[in-house]
K.L.:
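Shown below is the structure under consideration.
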Amino acid sequence: PAPAVSMTRPPKHVAKQALVKLQGSIEPHTQSISVLVEKKNRSTWQRFYGRTVAVRADGTFTKKVRFRYEGLYRASFVFGGDGSYAPSRSKVYHVRVPRSGGSGGGGTSGAPPYEPPASTR
């Protein structure tokens with residue numbers, strides 16, 4: 001039988017460079033589980049982040065992931081299986097990192113506003 005892997009829903013939208021806590025649980029308890037974060041690149045999903053996470057004695061686990069680039073991501077926990085249990089994975093959740101600075105000044109990013117020279121008499 002495959003263990004039941006669950007994941008707490010992460011926020012749907014996060015800021016660029018944000019550190020997001022991914023949490024979940026597995027029943028029956030195993031020693032470790034993998035966190036998988038993929039980024040959408042055109043029409044394909046590419047692996048962005050993958051690590052093995054230790055499972056606590058109560059079957060829960062936590063991993064913090066930093067979303068460095070804007071775009072659409074999907075996150076899930078994957079158990080690869082062992083001698084006793086079949087492979088399984090949690091539900092997949094999507095996280096979007098929107099473009100920063102949406103409605104700003106007229107294209108002068110970082111430049112100070114124009115000030116006319118002071119008149120000298």
Side-chain angles (χ1 to χ4, degrees):
V5 180
S6 65
M7 180 176 182
T8 306
R9 173 182 271 293
K12 290 183 180 182
H13 293 85
V14 297
K16 195 172 174 182
Q17 299 292 335
L19 196 61
V20 177
K21 186 187 290 186
L22 302 177
Q23 299 177 359
S25 64
I26 186 167
E27 183 66 40
H29 310 331
T30 60
Q31 285 188 340
S32 63
I33 195 162
S34 299
V35 57
L36 177 64
V37 179
E38 296 168 296
K39 185 177 188 306
K40 184 127 188 200
N41 188 1
R42 294 195 173 107
S43 62
T44 62
W45 289 99
Q46 292 184 333
R47 192 177 88 172
F48 174 74
Y49 183 89
R51 296 286 187 280
T52 300
V53 181
V55 177
R56 295 186 200 107
D58 62 355
T60 61
F61 42 86
T62 302
K63 185 65 182 170
K64 292 179 181 176
V65 178
R66 187 173 307 276
F67 292 88
R68 298 187 185 278
Y69 309 105
E70 57 200 32
L72 182 64
Y73 296 83
R74 66 182 183 187
S76 63
F77 287 107
V78 180
F79 175 67
D82 58 17
S84 303
Y85 301 106
S88 64
R89 79 184 295 163
S90 70
K91 184 176 177 182
V92 176
Y93 290 105
H94 290 85
V95 177
R96 182 172 295 281
V97 180
R99 289 189 177 94
S100 56
S103 60
T108 58
S109 59
Y114 174 74
E115 289 187 29
S119 61
T120 56
R121 270 196 202 221

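Atom set for the values below is all heavy atoms of this structure, side chains included, hydrogens, waters and symmetry mates excluded.
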K.L.:
Sequence neighbours left out, what passes salt bridge (Lys or Arg N to Asp or Glu O under 4.0 Å) with R74? Give chain and number order.
P.N.:
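R74 satisfies salt bridge (Lys or Arg N to Asp or Glu O under 4.0 Å) with E38 only.
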K.L.:
Can you measure from CZ (F61) to OG (S25) and round to the nearest 0.5 angstrom?
P.N.:
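The OG atom of S25 is 6.0 Å from CZ of F61, to the nearest 0.5 Å.
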K.L.:
Do V14 and Y69 sit in one hydrophobic cluster, given that two such residues count as connected whenever their side-chain heavy atoms are within less than 4.5 Å of each other, even indirectly?
P.N.:
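Yes, V14 and Y69 fall within the same hydrophobic cluster.
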K.L.:
Restricting to pairs with a member in residues 1-25, which pass salt bridge (charged side-chain N to carboxylate O under 4.0 Å, His left out), not counting sequence neighbours?
P.N.:
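Residue pairs passing salt bridge (charged side-chain N to carboxylate O under 4.0 Å, His left out), neighbours aside: none found.
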K.L.:
So for atom CZ, which belongs to R56, do other residues, nucleotides or ligands contribute more than 12 heavy atoms lying within a distance under 6.0 Å?
P.N.:
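Yes - once you tally the heavy atoms of other residues, nucleotides and ligands closer than 6.0 Å, there are more than 12.
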K.L.:
Rounded to the nearest 0.5 Å, what's the gap from CZ on F77 to CD1 on I33? Could you check?
P.N.:
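So the CZ of F77 and the CD1 of I33 are separated by 7.0 Å.
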K.L.:
Do S6 and S90 get their side chains close enough for a donor-acceptor pair, meaning under 3.5 Å?
P.N.:
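No.
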K.L.:
Taking only residues two or more places apart in sequence or in another chain, which ones pass side chain to side chain contact (heavy atoms under 4.5 Å, CB included) with A4?
P.N.:
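Result, side chain to side chain contact (heavy atoms under 4.5 Å, CB included) vs A4: none returned.
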K.L.:
Can you measure from NZ (K91) to OG1 (T8) and round to the nearest 0.5 angstrom?
P.N.:
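Between K91 NZ and T8 OG1, I get 12.0 Å after rounding to 0.5 Å.
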K.L.:
Is any side-chain heavy atom of R89 less than 4.5 Å from a side-chain heavy atom of L36?
P.N.:
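Yes, side chains in contact.
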K.L.:
Apply side chain to side chain contact (heavy atoms under 4.5 Å, CB included) to P28 and list each qualifying residue two or more places apart in sequence or on a separate chain.
P.N.:
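Residues passing side chain to side chain contact (heavy atoms under 4.5 Å, CB included) with P28: P3, Y85.
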K.L.:
Tell me whether V78 shares a hydrophobic cluster with V5, the cluster being built from Ile, Leu, Val, Met, Phe, Trp, Tyr side chains joined at under 4.5 Å.
P.N.:
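No, V78 does not connect to V5 through the hydrophobic network.
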K.L.:
So L22 and M7, do their side chains get closer than 4.5 Å, heavy atoms only?
P.N.:
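Counting from C-beta outward, M7 and L22 do come under 4.5 Å.
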K.L.:
Can you check whether V53 reaches S32 side chain to side chain, under 4.5 Å on heavy atoms?
P.N.:
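A side-chain contact under 4.5 Å is absent here.
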K.L.:
Could you give the distance from CG (L19) to NZ (K64), rounded to the nearest 0.5 Å?
P.N.:
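Interatomic distance, L19 CG to K64 NZ, rounded to 0.5 Å: 6.0 Å.
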K.L.:
Please list all pairs passing the ring pair (Phe, Tyr, Trp, His ring centres under 6.0 Å) test where one or both residues lie in residues 17-49, with sequence neighbours left out.
P.N.:
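Non-adjacent pairs meeting ring pair (Phe, Tyr, Trp, His ring centres under 6.0 Å): W45-H94, F48-Y73.
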K.L.:
Using the test salt bridge (Lys or Arg N to Asp or Glu O under 4.0 Å), find all partners of E70 that sit at least two apart in sequence or belong to another chain.
P.N.:
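Expected list: R99.
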K.L.:
Can you give me the closest heavy-atom contact between A75 and V37, atom names plus distance?
P.N.:
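Closest approach of A75 to V37, heavy atoms only: CB-CG2, 4.2 Å.
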